[in-house]
Amino acid sequence: MKNTRKKWVALCLTAGIAGGLLAGCGGSGDKDSSETSGADGKAHVGVIFTEAGLGGNSFNDLVLDGVKRASEDYGITYDEVEPKSVSDEEIIQDEMASSGDYDLIICVGAEQIDSLTNVATMYPEQKFALLDATLELDNVASYSCKEQEGAFLVGALAAMAKQEQISDKLGSDNVIGFIGGVDNPLINHFAAGYQAGAQHIDSEIKVLIDYVGGFNDPTTAKTIANTFAEKNADIIFHASGASGMGMFQAAEEKGFIGIGVNLNQNSIAPDYIMASMLKKLDSCAYHAITSIVEDTYTGENQVLGLAEEAVDYTVEESNIEVPEEIISKLEELKEEIISGEIQVPEEL
């Protein structure tokens, strides 16, 4: 059931991939997709991104960073595909699985759960990894992050920044805010951790919480942020995808401090973004490939946190100076979470 190179090109065209074979189904460039998986003694991996594609410092870009790191460390080869719609994802999954060419197929995001349920069931011998979502199948290793642990740290940072009045953008009212993309369990991991971290430092601090209703609605996020600012919240953390750009715009216009998410967003508005919580899907991708290389793969759910360096925070590229004593305290909190001394809630 091996695909020919011609069939792989047809797949890319079917999926509507722009930019040609290397751009759409790109890879390391040193292995033809028609070769038998593992024929050269190296693992061969397929990567299917979300329909959002690459670019813009997205989850997909992080995943690709992890795959590239695994390629450098282990010599693995890979093919990558950027579906143009959710409906394309099942076609691509099926083509990769039926080819027999892949030691592992990595699927990114919860939007691939339904299609992967069908395809993984049809090909029980094919190993899959699902990133940032969970699926209970023997041949699907699910990787997700303990978002609440990273959010705890930026919540603690917000509270300490308020206490120390590290910026003239901070007022005396003891109010901060959180904007989520949607009200669901995953986003509430962020909200719960942020609130817990802030209240670990200051039990009296008030945390305003609201949801945009989607991940690509900066206008609504900006409206929520402006409302929070009117209620004297002067540090706002978002977990709302592209919607968060509206919050950053409000920060620049209203003069409050923002906290970014997932990647280092500090450079977007370095005078107004103090820090970013990092959700490192690159580490998840790397762990998944490592399990193939080291023959430790099991189709089970793995949740990675601070201990596995899958979440963190950064103040790099921000012009808002965070005192060293606050950074030291955050590092202490990090170690207490890793040791289990601090148990971070994942629900509000």
Side-chain angles (χ1 to χ4, degrees), residues 62 132 143-164 166 170 174-181 183-211 228 233-241 244 247 257-266 273-281 283-284 302-316 318 320 322-348:
L62 276 176
D132 204 33
Y143 289 83
S144 54
C145 296
K146 297 178 182 178
E147 296 90 0
Q148 65 274 14
E149 292 186 353
F152 184 98
L153 295 177
V154 294
L157 169 59
M160 287 189 283
K162 292 280 291 178
Q163 286 181 338
E164 300 298 325
I166 70 168
L170 300 177
N174 207 17
V175 184
I176 60 176
F178 170 82
I179 299 175
D183 185 358
N184 69 13
L186 187 148
I187 296 302
N188 282 324
H189 291 174
F190 291 95
Y194 182 66
Q195 179 173 268
Q199 293 180 347
H200 180 84
I201 300 298
D202 181 354
S203 62
E204 300 300 317
I205 197 167
K206 184 177 182 180
V207 183
L208 305 178
I209 297 173
D210 202 354
Y211 304 88
F228 282 1
D234 47 20
I235 300 179
I236 301 176
F237 171 46
H238 89 95
S240 60
M247 185 271 278
I257 290 176
I259 296 177
V261 76
N262 297 327
L263 306 103
N264 185 353
Q265 296 187 312
N266 300 342
I273 304 176
M274 173 173 61
S276 292
M277 189 214 112
L278 304 178
K279 182 175 177 180
K280 302 167 75 172
L281 287 186
S283 294
C284 294
Q302 300 186 50
V303 185
L304 310 180
L306 286 170
E308 296 80 19
E309 299 183 350
V311 295
D312 208 339
Y313 74 96
T314 182
V315 296
E316 294 180 2
S318 170
I320 300 172
V322 178
E324 187 57 41
E325 56 266 27
I326 290 181
I327 297 297
S328 296
K329 177 61 177 178
L330 290 174
E331 294 303 308
E332 290 176 13
L333 292 174
K334 184 187 296 187
E335 293 305 315
E336 290 173 9
I337 292 170
I338 292 172
S339 70
E341 184 177 344
I342 292 177
Q343 295 290 324
V344 182
E346 62 181 34
E347 296 179 353
L348 287 166

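Atom set for the values below is all heavy atoms of this structure, side chains included, hydrogens, waters and symmetry mates excluded.
- The two residues Phe178 and Phe228 make their nearest non-hydrogen contact at O-CE2, 3.5 Å.
- Across Leu62 and Asn262, no two heavy atoms sit closer than the pair CD1-O, 3.9 Å.
- Between Leu306 and Leu153, the closest side-chain pair of non-hydrogen atoms falls below 4.5 Å.
- In this structure, the side chain of Ser318 engages the main chain of Ile273 through a donor-acceptor pair within 3.5 Å.
- Of all non-hydrogen atoms in Cys145 and Ala310, the two that sit nearest each other are SG-O, 4.0 Å.
- Ile176 and Ala198 make their closest contact through CD1-CB, 3.7 Å (heavy atoms, listed as atom of the first residue, atom of the second, distance).
- The side chain to side chain donor-acceptor pair (under 3.5 Å) search around Asp132 returns Lys279, not counting sequence neighbours.
- Rounding to the nearest 0.5 Å gives a distance of 7.0 Å between CG of Asn264 and CD of Glu316.
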I'd like a table of donor-acceptor pairs (distance under 3.5 Å, sequence neighbours excluded) in which one partner is a side-chain atom from residues 154-162, with atom names and distances.
unit_1	atom_1	unit_2	atom_2	d
Lys162	NZ	Gly171	O	3.3
Lys162	NZ	Asp173	O	2.4
Lys162	NZ	Asp234	OD1	2.8
Lys162	NZ	Asp234	OD2	2.9

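- By the 4.5 Å heavy-atom criterion applied to side chains, Ile327 and Tyr313 are counted as neighbours.
- Looking at residues two or more places apart in sequence or on another chain, you find a side chain to side chain contact (heavy atoms under 4.5 Å, CB included) between Pro345 and Ala196.
- Here the CZ-CD1 distance, from Phe152 to Ile201, works out to 7.0 Å after rounding to the nearest 0.5 Å.
- The list of side chain to side chain donor-acceptor pair (under 3.5 Å) pairs with a residue in residues 335-348, not counting sequence neighbours, is empty.
- Partners of Asp312 according to the side chain to side chain donor-acceptor pair (under 3.5 Å) rule, which considers only residues two or more places apart in sequence or in another chain, are Lys334.
- In terms of the side chain to side chain donor-acceptor pair (under 3.5 Å) criterion, residue partners of Ser276 (sequence neighbours excluded) are, by chain and number, Asn266.
- With sequence neighbours excluded, the residues that form a side chain to side chain donor-acceptor pair (under 3.5 Å) with Gln265 are His238.
- The distance from the CG atom of Leu170 to the CD1 atom of Ile257 is 4.0 Å, given to the nearest 0.5 Å.
- The two atoms that bring Ser283 and Glu309 nearest to each other are OG-O, 3.3 Å, heavy atoms only.
- With contacts defined as side-chain heavy-atom distances shorter than 4.5 Å, the pair Val261/Ile259 does not qualify.
- With contacts defined as side-chain heavy-atom distances shorter than 4.5 Å, the pair Glu164/Ile326 qualifies.
- With sequence neighbours excluded, the residues forming a side chain to side chain contact (heavy atoms under 4.5 Å, CB included) with Glu332 are Lys329, listed by chain and number.
- Sorted by first then second residue, the side chain to side chain donor-acceptor pair (under 3.5 Å) pairs that include residues 188-207, not counting sequence neighbours, are Glu147-His189, Asn174-Asp202, Asp183-Asn188, Asn188-Tyr211.
- Across Phe237 and Gly260, no two heavy atoms sit closer than the pair CE1-O, 3.3 Å.
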